[in-house]
Each structure stands twice: as structure tokens, then as C-alpha cells.
Amino acid sequence: MPTKKSSKPAIKQIKPSGKTDENFFSWVYDVARQIPKGRVTSYGAIAASLGAKSSARMVGWAMNGAQKLKPKVPAHRVVNRNGMLSGKMHFDTPDAMEKLLAKEGIKVKNDQVVDFEKHFWDPAIEL
DNA sequence: GCATTGACGAAGG
DNA sequence: CCCTTCGCCAATG
């Protein structure tokens, strides 16, 4: 039943222009979606698992579109190396990230994840 | 087309 | 120990 029209290409289209090598970006989204509930990881860890540990910034930039992506990417589970919610301000509301984390059992204090190491999830190892 | 910025990270002073 | 600088690469002005 090949009635499958070529529609809905997994992941892509970060930009309506259709530019951008979605390779790197897509990988980031893919990994981010695989983050177990109640766990967090860092931008650098994701970048490193992709073979671009130096491009942690790109991971963060990728997250910028992650919120609108479908299915949405749990960007709230991704924080910086210090466990700080550096990207909370980029959500719909500054409280969204903190709230989502708290909902999954992760405590956030002063924009920082409590017991970050304990909740840390390394895609390069676990994946 | 060049300059600045950015949800980071590691290294240097 | 805190602050500054560099690297990374793409988007935006």
C-alpha cells in the first residue's frame, strides 16, 4: 500500500528557506528527544556525542527552533555545563523550563539544577 | 559582504 | 578564584 505520499519528512525545515545543513541540527533534535524523563544533559555533551564537541553553541542554537519542531523537543532537559538553566528565557515563558523540570522530578534552585550530576545523562555513553 | 551576536565550553591570566 | 579571551558555526543586522 504505497499510498504513502511523500509527506512529513522526519525532521527538517529549521528554516522555511530550506537551507541549513539539517544534518547536525537534526541529530541534535534526535538526541534531545531521547533524553529520558527526569534526566538532563548539556549542550556540550550532545555536541560531543555528535563529534562536534567544540560546537556546543550550535546545539544551543538548534534548540532555538526545537520549541516549534514537531514533535517538540524537550529542550528543557538541556542545560549548560554548569547545570544552569541558561535557556529558560528563550521559552514561551521564563518559568516554563523550570516548571517542566520540576514536573519531572528535577529540582531547580536559583535557575540551577539541583544534583545536576545525579540527573546528568550522557548521550555518548547511555546512547 | 562584513560585523555582531549567541540557549556553550575550555583555557589562560 | 574570578574574569577575559578564543574557538565554533550559523543567523541576523
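Every chain is numbered from 1 and lettered A, B, ... according to where its sequence line falls, protein lines coming before strand lines. These numbers were taken from a predicted model, which means no experiment stands behind them.
The nearest whole Å value for the distance from the CZ atom in A:Phe24 to the P atom in C:dC8 is 13 Å. Rounded to a whole Å, the NZ atom of A:Lys53 is 12 Å from the C1' atom of C:dC8. Across the protein-nucleic acid pair, A:Asp92 atom CG and B:dA7 atom C1' stand 14 Å apart, rounded to whole Å. In this structure, NZ of A:Lys88 is placed 18 Å from P of B:dG6, rounded to the nearest angstrom. The separation between A:Met58 atom CE and B:dA7 atom C1' is 11 Å, rounded to whole Å. In this structure, A:Met84 atom CE and B:dG9 atom P are separated by 12 Å, rounded to whole Å. Rounded to an integer number of Å, the gap from A:Met63 CE to C:dA11 P is 15 Å. In this entry the distance linking OH of A:Tyr43 with P of C:dC9 reads 19 Å, nearest Å.
Both A:Val108 and A:Phe120 sit in one connected hydrophobic cluster of ILVMFWY residues. Membership requires side-chain heavy atoms under 4.5 Å apart, directly or through other members.
With A:Phe24 as the aromatic partner, A:Arg57 does not meet the cation-pi criteria of under 6.0 angstrom to the ring centre and within 45 degrees of the ring axis.
Nucleotides C:dC2 and B:dA7 are separated by 24 Å at their P atoms, to the nearest Å. Across C:dC8 and B:dG1, the matching P atoms stand 23 Å from one another, rounded to whole Å.
Looking at heavy-atom distances under 4.0 Å, A:Ala75 makes contact with a base. Within 4.0 Å of A:Asn64, counting heavy atoms only, lies at least one base atom of the nucleic acid.
A donor and an acceptor atom never sit less than 3.5 Å apart when one is taken from the side chain of A:Arg57 and the other from the base of C:dC9.
A distance of 9.0 Å separates CZ of A:Phe91 from CE of A:Met63, quoted to the nearest 0.5 Å. Within the model, atoms CG of A:Leu50 and CG of A:Asp30 stand 9.0 Å from one another, a figure rounded to the nearest 0.5 Å.
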For A:Arg77 and A:Glu104, what are the C-alpha separation, side-chain angles and deciding distance, and is it a salt bridge (charged side-chain N to carboxylate O under 4.0 Å, His left out)? CA-CA 10 Å; A:Arg77 291 183 189 146; A:Glu104 301 191 352; 2.7 Å; yes

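A:Val31 is listed as a side-chain neighbour of A:Trp121, based on a closest heavy-atom distance under 4.5 Å. Using a 4.5 Å heavy-atom cutoff, the side chains of A:Val79 and A:Met97 are in contact.
Here C:dA10 is the nucleotide among C:dC8, B:dA7, C:dA10 with the atom lying nearest to any side-chain atom of A:Phe25. Taking only side-chain atoms of A:Ser54, from C-beta outward, the nucleotide of B:dA10, C:dA11, C:dC8 with the closest atom is C:dC8. With C:dA11, B:dG9, C:dC9 as the choices, the nucleotide that has an atom nearest any side-chain atom of A:Ser55 turns out to be C:dC9.
Residues of residues 99-107 of chain A that place a heavy atom closer than 4.0 Å to DNA chain C do not occur.
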